[in-house]
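Protein chains get the first letters and strands the later ones, always in sequence-line order, with residue 1 at the start of each.
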Number of protein chains: 2
Amino acid sequence: MLSAGGPVTALRHHDRVVEAGEDLVRPGDPVDESFTCLSGWLFTYYLLEDGRRQILGFTLPGEVISLIGETGPAPFGLQAMTQVRVCAASNAALGRWLRGRCEESQRLMLNVSQHATLAYGLVTSLGRRTARERVAYLLLELHMRLGTASDGNVRSMPLTQSIIADALGLTAVHVNRTLAQLREVGVVSYVNRRLHIVDGQRLWQEAGAERDPLLTRLRNDTAASAAKQKLI
Amino acid sequence: MLSAGGPVTALRHHDRVVEAGEDLVRPGDPVDESFTCLSGWLFTYYLLEDGRRQILGFTLPGEVISLIGETGPAPFGLQAMTQVRVCAASNAALGRWLRGRCEESQRLMLNVSQHATLAYGLVTSLGRRTARERVAYLLLELHMRLGTASDGNVRSMPLTQSIIADALGLTAVHVNRTLAQLREVGVVSYVNRRLHIVDGQRLWQEAGAERDPLLTRLRNDTAASAAKQKLI
DNA sequence: CGCACGCTTGATCTATATCAACTTCCGTGG
DNA sequence: CCACGGAAGTTGATATAGATCAAGCGTGCG
């Protein structure tokens, strides 16, 4: 879905390792590269002048961060949540490389447009969902982006409660209480960076996502790519 | 900025007129076209199952709605706020046309990526800004997208208070009070669908946008395109 | 004329923030 | 191995931004 696997890796001029908590891109840095995340998790964040922070999205292993549309100073930062290995390609080279390859261009556009779609989902969460719905929705989304393929219901992720808070426009304290609620009613538990989906169906309900076109599509996409995996 | 002016108009197979309050695309419709807005305003919206509505963005005259990344049922709707004239191009034809034209492909990608950027701005507003900051920010953003070019400080727009509310994750009532506040302190007034910027500098402050990279860029872009206009 | 929609204003409620204290976990240095 | 310190998580008490409910006003339109 968010992985294109193509041009950025083809052009990789160097890989880079970033330690947990460090920035791959600092807000304001000149943007001149795009990345593929080889391993580890990143988030994209926006910083208000007074220090309030909003997380704009997460990048999981295999996903592509296409910054080729950006110019000048980065309006946001990219921070590693774990140790991260990325491969980088300069946007200039990428642009040149794409010049002859319309196919690839369009593929990359697809990637950008999927990021936009995820952003729209987040807008909707922040604007119109309750804390509980937001948390449920995020956990569900990440669960699916990690690939439904293997061991079903348990999954470990590097999110802290205060990262969740900054992604969902909430307070760490409130995220804590919300997670506690969801655990107590037996829907999901997220303890020790370990996500355990207790009742999948109820989780979809809690997220208000049963008919949510965004998540539904994500489900189909991952189902499809899981099927593809099987064929190999 | 959000206007590409290129492929969609080049390929227009038909124009269409939509009356105020009608949908150009209904949520769930199959998406098979992209549009350029020739006149009038639209908004993109997401509908939760229980009727809550979140507006994801606005489309102003001259701007392009590229849906070429979308397939299957539309996850969102597109509604006309005024009578709207758009020109439409089928995504299939658009894809074919783009095949030989990498330049144009990239231009379109730029457009998509700018929409994503606006979405990130909205995420930040909804997640981490107060009602007052949100309203100020939105008014400022729209003011600039309308083109700073001509008559400075007054501008008429078709936003109702409840549309503003649905865009900013607030209640119409609260938007009303917030607008009243901003008016009383002499920063902006938005009365009768008429935006009057009383104190531009304070408005940037209220929006918390003085160093906001997103809006700053928008300012530069429109300044640049205004300069270009002059040259013609 | 009357009705619907948009706006305004007041009273009250509530989801979430804020403040504060305490615990548990984990890595580091002695 | 233990002692320490800092980050993450937990829990309670209280505060507040913004929601909800309700009523009334204007105005354009069928």
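Within the cation-pi definition used here (under 6.0 Å to the ring centroid, within 45° of the axis), Arg145(B) does not qualify as a partner of Phe58(B).
Atom CZ in Arg193(A) sits roughly 10 Å away from atom C1' in dC26(C) (whole-Å rounding). Distance, Leu168(A) CG to dT16(C) C1': 13 Å, rounded to whole Å. Atom CD in Glu133(A) sits about 14 Å away from atom C1' in dT16(C), given to the nearest Å. Rounded to an integer number of Å, the gap from CD of Glu184(B) to P of dT9(C) is 8 Å. For Asn192(B) and dC5(C), the CG to C1' distance is 14 Å, given to the nearest whole Å.
Looking at heavy atoms from C-beta onward, Leu118(A) lies in side-chain contact with Glu141(A) at the 4.5 angstrom threshold. Side-chain atoms of Glu33(A) and His14(A), non-hydrogen and from C-beta on, do get closer than 4.5 Å to each other.
Where Leu159(A) and Arg128(A) each meet DNA chain D at their nearest nucleotide, the meeting point lying more 5' is that of Leu159(A).
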Are Leu214(B) and Tyr137(B) close enough, and set up right, to give a side-chain contact (heavy atoms from CB on, under 4.5 Å), and what steps lead you there?
CA-CA 11 Å; Leu214(B) 266 26; Tyr137(B) 191 96; 3.8 Å; yes
I would like to know whether Arg194(B) and His196(B) meet side chain to side chain donor-acceptor pair (under 3.5 Å); could you show each step before the answer?
CA-CA 6 Å; Arg194(B) 203 153 255 288; His196(B) 181 173; over 6 Å; no
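The stretch residues 172-179 of chain B comes close to DNA chain C through Val173(B), Asn176(B), Arg177(B), each having a heavy atom under 4.0 Å from the strand.
A nucleotide of DNA chain D counts as in contact with chain A when one of its atoms lies under 4.0 Å from a heavy atom; the first and last such, 5' to 3', are dA8(D) to dA13(D).
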